[in-house]
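First up is the structure itself, then whatever we jot down about it.
Everything numeric here is computed off the predicted structure, so don't read it as measured data.
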Amino acid sequence: MTANLFSRLFDDVKDLDRLAIETPDGGRISYGDLIERSGRTANHLVARGVKVGDRVAVQVEKSVEALVLYLATVRAGAVFLPLNTAYTLNEIDYFIGDAEPSLVVCDPAKVEGVTTLARRVGAEVETLDAAGRGSLSDGAAQQDAAFVTVARNGDDLAAILYTSGTTGRSKGAMLSHDNLVSNSRTLVDFWRFTDRDVLIHALPIYHTHGLFVASNVTLFARASMIFLSKFDPNQVIDLMARATVLMGVPTFYTRLLQNQRLSRDTTSHMRLFISGSAPLLADTHREWSARTGHAVLERYGMTETNMNTSNPYDGDRVPGAVGLPLPGVSVRVTDPESGTELARDAIGMIEVKGPNVFRGYWRMPEKTKSEFRGDGFFITGDLGKIDGKGYVHILGRGKDLVISGGFNVYPKEVESEIDAIAGVVESAVIGVPHADFGEGVTAVVVADKTKALSEDAVLQALDGRL
């Protein structure tokens, strides 16, 4: 029995006509359609020279075809490497050089610049736009739908996701087939997903939340998802009348609360609201409960580990807490210096261990070694505590990192760009509280007094660099 994520997702699908994805324009994609489309795309990847273990780097807008590309890459035994659509060519250059993919898929508007970067590592280039059109979909349409899923072991890589750190450049977190499967199956059970669920999918799919949590959990449950290109509060409220679950970041909930249409009536068909990727303010949690009668279920995860903890489906969903360790996952709080485990309610470093924890950082063996304890616990870099009832609370970060709108921002990268601007003596980038994004990226800049330097000049110099 192969451990390939694709096989474990689709080999036992009994009803091929069951709806998997619907789109606002009336598109309806069944489980059988996903199997067929992924087969065509996998055949095209192979025809383009993608081999088992090769990386496929992808920077495209959200579309059903982009999700099919993820499934096809894994099915072909390659490694999926999603990249934030906001990354500039300056940033993409690093990821392509570090991961050395054999194929890069990008938006047609960026093909010229991406091709120049891809040539340096001998990579081929395909295109895919926001409507799912491009050379990739054109090529896949010419291929046979039959494809024998490549056998993979559980610890073989399925994906690499780059994550910001505190020193050096971004690091590629290596996630195995077992990492993704174990976490998804656990969440299906823990969050009570069934084939009757309909998820409002408004998250990006270059991020672990939208790609692995939302998509994989839905598919493992044989549920369906309404696939939105972006988050729109009015559209989401409209869809609540026939959906059952919303997964979002805190920004979703703050913006929905600003909408006068949000009420107990408009949310009455929903059974679950999940929040993650950044801390949900306790005030937002309480306001949501008062307005809708639903308690948001907050959870805690990382790029390197997928989900670690979750507030319970049944039981208290505590404002300001990220819940209990998921089944099979161990969480402890330690002294940051000695690694000694601390007592309940003592603040220290959060460490986790379980089948969800990644295999390490791509081509960084020493960095990988330094992030793990001798007994296998991963040092998250997050400071927190475990209270008397076992709930985990995130209280800060031991790492110099800003999380804005659910995305990691590495201060040193921003500082390096600011410091290169004429008239800047030095800079420091920090996160400040922000009602909508959780944290706002803020730069403190020391200017050379002999030169005129304005805030607008700094922002203009950064445009196109970050």
Quick check: does any side chain N or O of [X] sit under 3.5 Å from a backbone N or O of [Y], one acting as donor and the other as acceptor?
{"X": "Lys353", "Y": "Asp375", "result": "yes"}
{"X": "His177", "Y": "Leu5", "result": "yes"}
{"X": "Asn4", "Y": "Val150", "result": "yes"}
{"X": "Thr380", "Y": "Ile350", "result": "yes"}
{"X": "Asn311", "Y": "Leu297", "result": "no"}
{"X": "Ser215", "Y": "Gly210", "result": "yes"}
{"X": "Ser370", "Y": "Lys367", "result": "yes"}
{"X": "His294", "Y": "Thr267", "result": "yes"}
{"X": "Thr442", "Y": "Gly440", "result": "yes"}
{"X": "Thr218", "Y": "Ala214", "result": "yes"}

Taking salt bridge (Lys or Arg N to Asp or Glu O under 4.0 Å) as the cut-off, I'd like each qualifying pair that reaches into [range], sequence neighbours left out, listed once.
{"range": "residues 173-189", "value": "Arg8-Asp178"}
{"range": "residues 307-319", "value": "Arg192-Asp314"}
{"range": "residues 73-95", "value": "Asp93-Arg120"}
{"range": "residues 431-441", "value": "Arg255-Asp436, Arg397-Glu439"}

Tyr70 and ring pair (Phe, Tyr, Trp, His ring centres under 6.0 Å): which partner among Phe6, Phe80, Tyr206? Phe80
Phe231, Phe273, Trp288, Phe437 screened by ring pair (Phe, Tyr, Trp, His ring centres under 6.0 Å) with Phe252, the one that passes: Phe231
Test item: [X] and [Y] side chains (from C-beta on) under 4.5 Å apart, heavy atoms:
{"X": "Val329", "Y": "Thr186", "answer": "no"}
{"X": "Val105", "Y": "Glu65", "answer": "no"}
{"X": "Val331", "Y": "Tyr300", "answer": "no"}
{"X": "Ser277", "Y": "Arg299", "answer": "yes"}
{"X": "Thr309", "Y": "Tyr391", "answer": "no"}
{"X": "Pro82", "Y": "Leu211", "answer": "yes"}
{"X": "Val352", "Y": "Met302", "answer": "no"}
{"X": "Asn308", "Y": "Val322", "answer": "no"}

Passes side-chain hydrogen bond (donor to acceptor under 3.5 Å, both in side chains), Asn356 versus Ser182? Steps please. CA-CA 6 Å; Asn356 57 312; Ser182 65; over 6 Å; no
For the [atom1] atom of [X] and the [atom2] atom of [Y], what is their distance to the nearest 0.5 Å?
{"X": "Met174", "Y": "Trp362", "atom1": "CE", "atom2": "CH2", "value": "7.5 Å"}
{"X": "Glu415", "Y": "Ile430", "atom1": "CD", "atom2": "CD1", "value": "10.0 Å"}
{"X": "Asp265", "Y": "Leu262", "atom1": "CG", "atom2": "CG", "value": "10.5 Å"}
{"X": "Ser310", "Y": "Glu298", "atom1": "OG", "atom2": "CD", "value": "9.5 Å"}
{"X": "Ser330", "Y": "Phe378", "atom1": "OG", "atom2": "CZ", "value": "15.0 Å"}
{"X": "Leu256", "Y": "Thr251", "atom1": "CG", "atom2": "OG1", "value": "10.5 Å"}

Using the side-chain hydrogen bond (donor to acceptor under 3.5 Å, both in side chains) criterion, which residues pair with Thr244? Sequence neighbours excluded.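 Testing Thr244 for side-chain hydrogen bond (donor to acceptor under 3.5 Å, both in side chains), a comparison that skips the adjacent residues, returns Asp197.
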May I ask you to check whether Phe372 and Phe358 place their ring centres under 6.0 Å from each other?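 Aromatic pair counts; centres sit under 6.0 Å.
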Is it true that [X] and [Y] make a salt bridge, defined as a side-chain N closer than 4.0 Å to a carboxylate O?
{"X": "Arg242", "Y": "Glu22", "value": "yes"}
{"X": "Glu341", "Y": "Arg373", "value": "no"}
{"X": "Lys14", "Y": "Asp195", "value": "no"}

Taking the six-membered ring of Phe193, is the NZ or CZ of Arg271 close enough (under 6.0 Å from the centre) and on axis enough (within 45°)? yes
Phe407 vs His207 aromatic rings, parallel, tilted or perpendicular, using cut-offs 30° and 60°?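 Ring orientation of Phe407 relative to His207: perpendicular.
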Would Leu117 and Ile92 count as a side chain to side chain contact (heavy atoms under 4.5 Å, CB included) here? Give the steps. CA-CA 8 Å; Leu117 303 179; Ile92 290 293; 3.9 Å; yes
Quick one: do Glu371 and Lys171 satisfy salt bridge (charged side-chain N to carboxylate O under 4.0 Å, His left out)? Show the steps, please. CA-CA 12 Å; Glu371 298 289 334; Lys171 310 179 295 295; over 6 Å; no
Return each pair, listed once, that meets side-chain hydrogen bond (donor to acceptor under 3.5 Å, both in side chains) where at least one residue sits in residues 220-230; pairs must be two or more places apart or across chains.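 Qualifying pairs, neighbours excluded: Asp12-Arg222.
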Other residues, nucleotides, ligands: >12 heavy atoms within 6.0 Å of Glu455 CD: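 No, not enclosed.
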Can you tell me if Ser176 and Asp155 form a side-chain donor-acceptor pair at under 3.5 Å?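 No, because no side-chain N or O of Ser176 sits under 3.5 Å from a partner of the opposite role on Asp155.
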With distance as the sole criterion, is a donor-acceptor pair present between the side chains of Arg359 and Asn179 under 3.5 Å? no
Taking it one step at a time, do Leu34 and Val68 satisfy side chain to side chain contact (heavy atoms under 4.5 Å, CB included)? CA-CA 7 Å; Leu34 285 179; Val68 168; 4.0 Å; yes
Where do Gly97 and Val121 come nearest, in terms of heavy atoms and distance? CA-CG1, 4.2 Å
Yes or no on side chain to side chain contact (heavy atoms under 4.5 Å, CB included) for Leu239 and Leu246, after CA distance, side-chain angles and deciding distance? CA-CA 10 Å; Leu239 292 171; Leu246 173 67; over 6 Å; no
